[in-house]
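Written out below as structure tokens is the structure these notes cover.
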2 protein chains.
Amino acid sequence: MNIGKAAEASGVSAKMIRYYEAVDLIPAPVRTQSGYRDYSDRDVHTLRFIQRARSLGFTVEQMRNLLSLWQDRHRASADVRKVAMQHIVDLERKIDELQQMRNTLAHLADHCQNDGRPDCPILEELARAPCAGS
Amino acid sequence: MNIGKAAEASGVSAKMIRYYEAVDLIPAPVRTQSGYRDYSDRDVHTLRFIQRARSLGFTVEQMRNLLSLWQDRHRASADVRKVAMQHIVDLERKIDELQQMRNTLAHLADHCQNDGRPDCPILEELARAPCAGS
DNA sequence: GATAAACCTTGCCACTGTGTCAAGGTCAAG
DNA sequence: CTTGACCTTGACACAGTGGCAAGGTTTATC
């Protein structure tokens, strides 16, 4: 199966398949006589695994970890869970950050006249000089 | 004021100040005879504005917009609010995405035995073949 | 069998935003 | 005047992804 078919079957773009190969996340596949990459169903299965992990926000490095656990028949489920839990912590930190931004902005937007006049608390906040007294 | 002082005074690193200049977010400052960038208090004020906008997650492109509104005495507050509201929508979309990832993962981790055995619903989910019936 | 369309190959550039490092010039304090 | 702290430019890196270009291949159509 050439890269186009593998991309379609796995949901990972051809471009990204080549990228994952370049960063050694997946092994280089065999090549046809004319140099085309040739993927097996097993390869596509792996790509689908990667696609799912990406959609859950795992980084390439985390996927490296997950893939080796996946391929290790003697893994401990606790090890997998540890990777997942760490990622959950990362996600939660990120969510918190974004929510703080959102809340601050929503608060400012709430106090904006929202009309043709130039006075705007949003810009005022951004331009505010940091002063010792506040 | 040279770039180091301006960085310290504004909270934007020297590196990023040069970057913002390179992408035309801020104008190139005057130079001393020896070629050092020379910033005014006004420049630092602008940098502080940028620093605050960045901390609220605005992109460089959005800041370009905000800066020109800020510097336009005849702006309409509604225009500023529109930029902010769009960013809020973007933030909320991102938050939703991350929360979905988090929830999926938390659910999977919850069902993980978390022991030395290899069976793990997290890996099983990632490896699951997509089938018409589910 | 020829030709055209659709695909593959590699390689390079772009983006965001930030860090680091190097080689060389400059300034300030001792 | 020397030393150390700073400035300058330039380059490379990161994560992932998109795009383009020039060239080879395969497939389908005539």
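Quick note on labels: first sequence line is chain A, next is B, and so on, each numbered from 1.
Below the 3.5 angstrom threshold, one finds a donor paired with an acceptor across the side chain of A/Tyr36 and the base of D/dG24.
Proximity of A/Arg54 to the phosphate of D/dT17: a side-chain N or O atom is located under 4.0 Å from OP1 or OP2. Put simply, B/Arg31 has a side-chain N or O that comes within less than 4.0 Å of OP1 or OP2 on D/dT9. Under 4.0 angstrom from either OP1 or OP2 of D/dC7 there lies no side-chain N or O belonging to B/Ser34. Dashed line: the shortest gap from a side-chain N or O of A/Tyr20 to OP1 or OP2 of D/dT17 is under 4.0 Å. Note on B/Arg37: every side-chain N or O is 4.0 Å or more away from OP1 and OP2 of C/dT26.
Straight-line distance from the CG atom of A/Leu25 to the P atom of D/dT17: 11 Å, rounded to whole Å. Atom NZ in B/Lys5 sits about 14 Å away from atom P in D/dT8, given to the nearest Å. Atom CG of A/Asp24 is separated from atom P of D/dA15 by 13 Å (rounded to the nearest Å). Across the protein-nucleic acid pair, B/Lys15 atom NZ and D/dA13 atom C1' stand 10 Å apart, rounded to whole Å.
B/Thr59 comes within 4.0 angstrom of the backbone, heavy atoms only, and of no base. Using a 4.0 Å heavy-atom cutoff across all strands shown, A/Val23 reaches no nucleic acid atom at all.
A/Gln62 is listed as a side-chain neighbour of A/Asp90, based on a closest heavy-atom distance under 4.5 Å.
Remark: side-chain polar atoms of A/Asn2 are paired, donor with acceptor, to backbone N or O of A/Lys5 under 3.5 angstrom. With hydrogens and angles ignored, the 3.5 Å screen pairs no side-chain donor or acceptor of A/Asp72 with any backbone N or O of A/Leu69.
Mapping A/Asp38 and B/Ser13 onto DNA chain C by nearest heavy atom places A/Asp38 closer to the 5' end of the strand.
Salt bridge absent: B/Glu21 and B/Arg18 never bring a charged side-chain N and a carboxylate O closer than 4.0 Å.
Comparing C/dC7, C/dT16, C/dG17 against the side chain of B/Glu61 picks out C/dT16 as the nearest.
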